[in-house]
Amino acid sequence: MNFSYLLAEIMTGFTSFTWGNAVMILAGVVLIFLAVVKEYEPVLLLPIGFGCIMANIGMSTDAGFMKVIYDAGIKTELFPLLIFVGVGAMIDFSPLLSQPKMVLLGAAGQFGIYGTLLLALLLGFPMNEAASIGVIGAIDGPTAIFVGSRLAPELLAPIAVAAYSYMSLIPIIQPPIMKLMTTRKERMIRMDYSPRPISRLTLVIFPIFVTIVVSLVAPDAAPLIASLMLGNLLRESLVVDRLSKSAQNEMINIATLFLGLAIGATMKAASFLNVQTLMILALGLFAFILDTVAGLLFGKLMSVLSGGKINPLIGASGISAFPMAGRLSAKMAQDEDFENFILMHAMGANTAGQLGSVIAGGLLLALVTGL
Amino acid sequence: MNFSYLLAEIMTGFTSFTWGNAVMILAGVVLIFLAVVKEYEPVLLLPIGFGCIMANIGMSTDAGFMKVIYDAGIKTELFPLLIFVGVGAMIDFSPLLSQPKMVLLGAAGQFGIYGTLLLALLLGFPMNEAASIGVIGAIDGPTAIFVGSRLAPELLAPIAVAAYSYMSLIPIIQPPIMKLMTTRKERMIRMDYSPRPISRLTLVIFPIFVTIVVSLVAPDAAPLIASLMLGNLLRESLVVDRLSKSAQNEMINIATLFLGLAIGATMKAASFLNVQTLMILALGLFAFILDTVAGLLFGKLMSVLSGGKINPLIGASGISAFPMAGRLSAKMAQDEDFENFILMHAMGANTAGQLGSVIAGGLLLALVTGL
Amino acid sequence: MNFSYLLAEIMTGFTSFTWGNAVMILAGVVLIFLAVVKEYEPVLLLPIGFGCIMANIGMSTDAGFMKVIYDAGIKTELFPLLIFVGVGAMIDFSPLLSQPKMVLLGAAGQFGIYGTLLLALLLGFPMNEAASIGVIGAIDGPTAIFVGSRLAPELLAPIAVAAYSYMSLIPIIQPPIMKLMTTRKERMIRMDYSPRPISRLTLVIFPIFVTIVVSLVAPDAAPLIASLMLGNLLRESLVVDRLSKSAQNEMINIATLFLGLAIGATMKAASFLNVQTLMILALGLFAFILDTVAGLLFGKLMSVLSGGKINPLIGASGISAFPMAGRLSAKMAQDEDFENFILMHAMGANTAGQLGSVIAGGLLLALVTGL
Amino acid sequence: MSSVIQQGLMITLIGMGLVFLVIIFLWWLMGLLVKVTTKAEVSVEEPEPAAISETRVPEMAAIEQLRRAAAAAVSVGLTIEARSARRRQVKTQADGGMSPWQSVHRAQQLEQHNRRG
Amino acid sequence: MSSVIQQGLMITLIGMGLVFLVIIFLWWLMGLLVKVTTKAEVSVEEPEPAAISETRVPEMAAIEQLRRAAAAAVSVGLTIEARSARRRQVKTQADGGMSPWQSVHRAQQLEQHNRRG
Amino acid sequence: MSSVIQQGLMITLIGMGLVFLVIIFLWWLMGLLVKVTTKAEVSVEEPEPAAISETRVPEMAAIEQLRRAAAAAVSVGLTIEARSARRRQVKTQADGGMSPWQSVHRAQQLEQHNRRG
Ligand code: NA
Ligand code: NA
Ligand code: NA
């Protein structure tokens, strides 16, 4: 019986611990701090933070139960899709359907994808990695994970972390850009909301149509759009309330918890702590800024074309990041003038951004695969 | 860089689209229409319809996430069994236990299985396929899927679609047969309901006994009966309310949603749109009709033997299709005479039909495998 | 067509039935009886009992759907970990944090592990099996299953059955030992409860600290402690109520149901009914008794050292078995003197026992693996 | 007649025969079970007879009364209102797949839970 | 300019072009859909027109009124209280990711459920 | 003594020793944690001190009072009623695995949630 060997076995936890692990644990603690104290998207940041800690005290996705969860939910793409079913069941498309032109803002908010892709290429990333980084600019977690895990699975950790962290930091990232790019007068533009009536029939047909159209145009985005629209159909059909509620509650909760943990558990110091990760985090921030700028510029263009009837702030909601970006635009307008209530228009643009992100992600996947 | 190749990649959605796909999408839309507007079993028809649409725009069970779901839930037989746990937790066997002779009606309602099997053999189907088609006559979704996927997995799509669609159409299929085969006088027979008291002890022992007996007699049906009776035991034990509620809610909801989607996603035009499918759909309808006729005839026989104390309508509840068939029989009696309240007897026959279907399905599996 | 062969196929259920199966079915019925009538931990005993019946009428974990569930949840260790997330979300560590010395009782309650290990070695079990049997003395289901399935998977069935059955029998096992080992005067000691205030910050930091510390010290226990503390963090963060509720409800319910079924389904007569099993059951009972004795002795020691300010009964709560043991100690004190309210102290010791069990289990795993 | 059809008829005969056999056995078993458990409860004085021997007679009687009351109400001319009320009632039962017995059972269960809790 | 950057620009051009194309197509489709389904409901007398043609105008008007009422309240000097009330209201909407329309829709749904049930 | 038993004793010694070591370390850590976080809250004036420094003292005091009140009630002769009332109370706590502190905490949590929401 070898006592020193036994001691070594007992000490493995300490002997395999590195400074990098300590740094990453600190990063995990910061994420949890942001979640708990600042309440930035705690439902995601808390599991990611905890997963990050786990990864650096021996429970990464390399082996063990976190690998089981990663393989079952991320590799199969099930978690992002289950989350999308739940998100779809939470989305009300009637603000968008009653003012269809808002859908254009959902296209403008995708410029960040390609701007970032180009910058990443310039920085020397190969095409597949550059595209994966660009998709952070879709500003939509499930889309980023879905596309990223197909094009460059080795970069999934920093991409997902960037996507979700910046999304939760939107109330910090967007306002200065909004103030810089719009005049006070523009922000005070009131928008009339006298929408066309939307019938239940429309709301039921819409998700079916969108599924078919987008799946034909961008087959690579088909699973994403189908999940989102399935959730929406469950909601709008009004006849499967049980399923709709399950999708919005148990299903999305559990999928989100494990998605967050699994993403966090990929953040092992050995593979995460490097210059590339820092570059991706910087590029991700760039994507968020570029998206916001493009959205606002397009908002200003629409404002001018409409003869000043459109508040350009709603352009910033077109970036996706549903529903945070929509709420934020409405809040910015109200901060200028408490009577200015543009939430409905902002949510219209925001749901359009959700559609636009999925479409753009699917097309990007097709284009890069097709090269 | 090959631009035309890129274009081809972008256009795959359209180039691979066929007329058959369009027809199947239409079929999916019809199923959703029946679910949403007619409210025929929407919890199942809506996911099946949506799955059917998905299968024909590139998301069939051949690959991708629908294959993951299919392999995880249908191939392993988990989804039908999870659903049965939930169904068992919803069944109250006390009406049956307080009038045990009703259980005979659950045997009569299985003639459709064998009648259809024989007809399918005559039409040239091999034995395993004929038996799979016959099991549509069990008129019970999980049983049909369980037996079908073992005997003839290649026919699972049309079998499951037939089983679930006709089940949701029972309020259309059964009434004309009921009116044709019973006189007004028969339908007006009132049944006294002064049942023996059923103790909690009985209700707890019953599911355990049934599990043991049926598993020994029809081992192939063991998983089905065990799941059903496990759910019932959770319910009747009164001590695991948490588990019983989970089985009746989250578990059955999510299993149903994904079962429906996966079944629908097998309905790819290339493999579904053919004469065989049409024949199976026709044979399935025949099975439903034959079951109803046999049930009613046996009901009439029991009515005569009892000296006119039994309303033959309850025979039609013996086909299974829990709980729709039970409700329908009661409604038909009440339509003749508003004071005629035979719901308890009909539910007794209906739960007997549920047992009979599982037993018959298991025996069929054993017999065909044993040939 | 061979009729006798068909008959044989139909009779397989009976021909493969043995006396051993009958005995095991009876055992299953007894477990269900304890669950339903005596209400001893019905959430676990009922599924285990039903699983035991299933295993002996052809549905063991050797094949079929029970194998699917076993492989998905026990082999991957997911079920015990999911249950721990839910348990963690139910634990309030503030009684422990406000009287930190109570944590010592959580160490004392682990002597049973090693005492049983030694006894099992004396009885001729090899080291890995002896350690697996010893871990019954952790008196914590998930820990026993986690450690047992790694060290001696072939013994998992009797170990898990012993762990859970005796845990549910704690109200019968502990009281006589408590009465025997403490004087009436000791049991009547009142404890003052004027705890230090525990801030939310403390409660949030605590699970993170414990995860890191225990994972470094006992890396083999890392998944267990991380799951438990993740659940606790979900609870104490106060910002992810949705996730916390899902963990405490749907997730733990479904994991518990299937864990119980799968454990029960390993109890096939052929592999379960033997002398070894009886020895393990006897050794398990010994472990429970030894743990209680050690806990009480340590409680008496602390009582003496504190100058009679500590009621030694709370020592019996340090064995883990959260939350039954904590409640029982409080009840015993109250039975002597209705005014004696030591529940908070007992729960402090009980949560300490939960921590101690996980740590002891992890260290045992490391030591035995390191030999 | 081809051999496969013969096989089919054979299977039909054995299959339906066995179904009826098993069902008839269940019939006998159910009768026996109800008889034995009811007798057991009467003869044996168990420690907690209230909890276990709780039969459903009173509730059934209550519902029977309710049914009769509704019938009486109808007969004295309140047909339409009663009908709609009844329909609502029946619909409610139907929706959850619950018989009145089940709902009474549920209520009982809840009550018992409260009593326990 | 390197070939990979050229590829990138190409992809950007095609990608953003297609995104705008698809989105413009959706714009047209949404307009058409709303027009057709609204017309269909007006022209066709369906068996259950109430259930299907239930539009959201009245609720929207109601919320608009609510908004105006709040505004009026503010203008007469109840600024702070109303503000906090409003904030609470907005926060509530925000928390569940629900617009007022959604919540009205939910209520409707519940009501309808009750009507059915 | 056979070698395997020696191994067993060795493991027992190291195992229990380490368990006590780790637990004693946790004891120290818990003390430190409570001290530091309480001090931190007193010294640092944080933006939202109310939300974070919310301690549980008042509730504990309240429950202590409740306990004393019950005791008083018993002493004046209402033993049986109070006992059953108390038992019901204790049972309720036990069932959900919740201490009174936990339930207070829950209430707090709910309240806080409402405050936030
Ligand atoms: Na976007
Ligand atoms: Na049937
Ligand atoms: Na222990």
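Keep in mind it's a predicted model, so treat the numbers as computed, not measured. Hydrogens, waters and symmetry mates are skipped; everything else that's a heavy atom, side chains included, is used. Sequence lines set the chain letters: A, B, ... in the order given, protein chains first and strands last, and positions in each chain run from 1.
- Interface check for chain F: of the options C:I359, C:L118, C:L122, C:V204, the most heavy-atom pairs under 4.5 Å are formed by C:L118.
- With 3.5 Å as the limit, one finds a donor-acceptor pair spanning the side chains of C:Q354 and C:D140.
- A donor-acceptor pair under 3.5 Å is formed between the side chain of C:H345 and the backbone N or O of C:D192.
- Neither the backbone nor the side chain of F:L21 comes within less than 4.5 Å of any heavy atom in chain C.
- Judged by distance alone, the side chain of C:T202 and the main-chain N or O of C:I198 form no donor-acceptor pair under 3.5 Å.
- Residue contact with chain C, scored on non-hydrogen atoms closer than 4.5 Å, involves the backbone and the side chain of F:V4 alike.
- Counting only distance, with no hydrogens or angles, the side chain of C:S244 and the backbone of C:V240 share no donor-acceptor pair below 3.5 Å.
- For a residue to count as touching a neighbouring chain, one of its non-hydrogen atoms must lie under 4.5 Å from one of that chain's; by this rule C:L104 touches chain F with backbone and side chain alike.
- Of the atoms belonging to C:L97, heavy atoms from both backbone and side chain fall under 4.5 Å from chain F.
- In the displayed structure, C:F209 atom CZ is contacted under 6.0 Å by at most 12 heavy atoms of other residues, nucleotides or ligands.
- F:Q7 and F:S3 share no donor-acceptor pair across their side chains, judged by distance under 3.5 Å alone.
- Of the candidates C:L364, C:L151, C:L365, C:V135 forms a side chain to side chain contact (heavy atoms under 4.5 Å, CB included) with just one, namely C:L364.
- Looking at heavy atoms from C-beta onward, F:I11 lies in side-chain contact with C:M127 at the 4.5 angstrom threshold.
- For C:I113, no part lies under 4.5 angstrom from a heavy atom of chain F.
- Of all heavy-atom pairs spanning C:P207 and C:L203, the tightest one is CD-O, 2.9 Å.
- With a 4.5 Å cut-off on non-hydrogen atoms, C:F93 does not touch chain F at all.
- Contacts of residues 212-220 of chain C with chain F at a heavy-atom distance below 4.5 Å involve C:V213, C:V217, listed in sequence order.
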